[in-house]
Participant: 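Here it is, the structure in full.
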Amino acid sequence: MPELPEVEVTRRSVAGGLLGARVRDVQMGLPLRWPLGRDPGTLVGTDCGEMSRRGKYLWLPLSRQGRDHASRLPGLPRALADGAEPAGGLLIHLGMSGALAFGEAPPERGRHDHFRLVTDRGCLWLNDPRRFGAVVWSPALDAEPARKLLSVLGAEPFDPLLDAAGFHAGLQGRRTPVKTVLLSGELVVGAGNIYACEALHLARIDPRTPANKISRPRAARLLAAVRQVLRNAIEAGGSTLKDFSANGAAGHYQEQAQVYGRAGQPCNTCGSVVRRIVQGQRATFFCGVCQKH
Ligand SMILES: [Zn+2]
């Protein structure tokens, strides 16, 4: 399932092509996890702004050019020109199996392409065989339905306002194993299973350690490790564990994983055997020698 790095890689791969593009047509396939919540025809004629990301959600703001300005500012990207009126935006989630792509000459509509945004610069399409993904219109990020969907998310991992003291305080309030806390995304989003395993290995913390037993220095180390692992993953194009791709490109982070998927193999740090256990119905990989309670 696409995690935060894969979603960020996706954003980077399609945002440039979409910026300033004018919507010509919106094509819907089979129902996704949530309905669009808007007559697709009302999006025609709007201009795409700069796509952003919050957690695993992508936000594509739309605007409608004020009539007076349409001809007056030909040099400016349309979405950035004065007089553009906000026309809400699209909140996009890749679910379990979604992949977004943008192409000037897109392939013929595939069986699993359940959303296509046709613009004057190319087509953005969501391929999602399992249909847990979603494209939802919202008047703004801080208005319903986007506000409610985003309100449950923990801090962004690269948010400078998230510091070790705050992260440590959050851990102190929880008795569940630290791996489970990371996966929940309640304190910080982004540490999906492979990244949670790798961050705990990098921070040398046993994944079974109760969160409230983690000292302040170890919490600081863990937060730094989460950031490092996510940064590395984004640089590697994300992880392709099954079939993820961003604009057609697979990720390669899984090839540099130190523990994830390596049960029975020697730990690269100490040579002990990497172990696999199950926590909260998810596989956890760790080294019982390097990683301590
Ligand atoms: Zn080890």
Side-chain angles (χ1 to χ4, degrees), residues 1-6 8-9 56 154-158 162-242 244 250-293:
M1 130 169 52
E3 300 291 350
L4 185 149
E6 291 78 42
E8 175 62 17
V9 168
K56 294 203 281 181
E156 274 295 312
F158 302 115
L162 172 66
D163 60 11
F167 185 58
H168 181 238
L171 292 173
Q172 288 302 296
R174 289 163 168 83
R175 292 179 186 178
T176 43
V178 60
K179 158 93 186 305
T180 309
V181 174
L182 285 181
L183 270 193
S184 76
E186 291 170 7
L187 294 183
V188 56
V189 296
N193 204 29
I194 179 171
Y195 306 118
C197 290
E198 292 298 310
L200 286 162
H201 181 72
L202 186 60
R204 306 190 302 278
I205 295 172
D206 188 306
R208 299 165 295 185
T209 312
N212 61 357
K213 299 289 188 224
I214 291 181
S215 67
R216 170 79 183 267
R218 298 180 91 212
R221 215 162 69 204
L222 180 57
L223 179 59
V226 167
R227 287 174 162 154
Q228 186 63 52
V229 163
L230 293 178
R231 211 174 282 126
N232 291 351
I234 291 167
E235 276 173 22
S239 301
T240 297
L241 300 175
K242 260 176 93 182
F244 166 76
H252 295 282
Y253 177 79
Q254 70 282 1
E255 294 157 18
Q256 52 176 286
Q258 298 295 303
V259 284
Y260 186 86
R262 297 193 63 243
Q265 298 177 42
C267 168
N268 290 332
T269 308
C270 74
S272 312
V273 173
V274 172
R275 293 178 58 190
R276 179 191 188 276
I277 59 171
V278 174
Q279 291 180 291
Q281 297 169 337
R282 304 296 302 277
T284 295
F285 299 87
F286 69 108
C287 172
V289 176
C290 290
Q291 297 176 243
K292 308 223 183 289
H293 274 287

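Each ligand, and each atom within it, is numbered from 1 in the order the structure gives. Worth knowing before you read on, the calculation uses all heavy atoms, side chains too, and leaves out hydrogens, waters and symmetry mates.
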Participant: Are more than 12 heavy atoms from other residues, nucleotides or ligands located less than 6.0 Å from atom NZ of K292?
Facilitator: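 More than 12 heavy atoms, drawn from other residues, nucleotides or ligands, come within 6.0 Å of this atom.
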Participant: Indicate the atoms forming the closest heavy-atom contact of A236 with Q256, along with that distance.
Facilitator: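 Here A236 and Q256 meet closest at CB-NE2, 3.8 Å.
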Participant: Do I205 and F286 have side chains that get closer than 4.5 Å, going by heavy atoms?
Facilitator: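 No, every pair of side-chain atoms sits at 4.5 Å or beyond.
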Participant: Listing residue and atom name, which protein N/O/S atoms are closer to the Zn ion (ligand 1) than 2.8 Å?
Facilitator: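 Under 2.8 Å from the Zn ion (ligand 1) - ignoring waters, which are not counted - the protein N, O or S atoms are C267 SG, C270 SG, C287 SG, C290 SG.
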Participant: Which atom pair, heavy atoms only, marks the closest approach of N212 to R175?
Facilitator: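 Minimum heavy-atom contact is ND2-CG, 3.3 Å.
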Participant: Might you point out which heavy atoms bring F285 and R262 nearest each other, and give the distance in Å?
Facilitator: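 Nearest pair, atom of F285 first, then R262: CD2-N, 4.0 Å.
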Participant: Do side-chain atoms of H201 reach the backbone of C290 as a donor and acceptor pair under 3.5 angstrom?
Facilitator: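 No, because the side chain of H201 does not come within donor-acceptor range (under 3.5 Å) of the backbone of C290.
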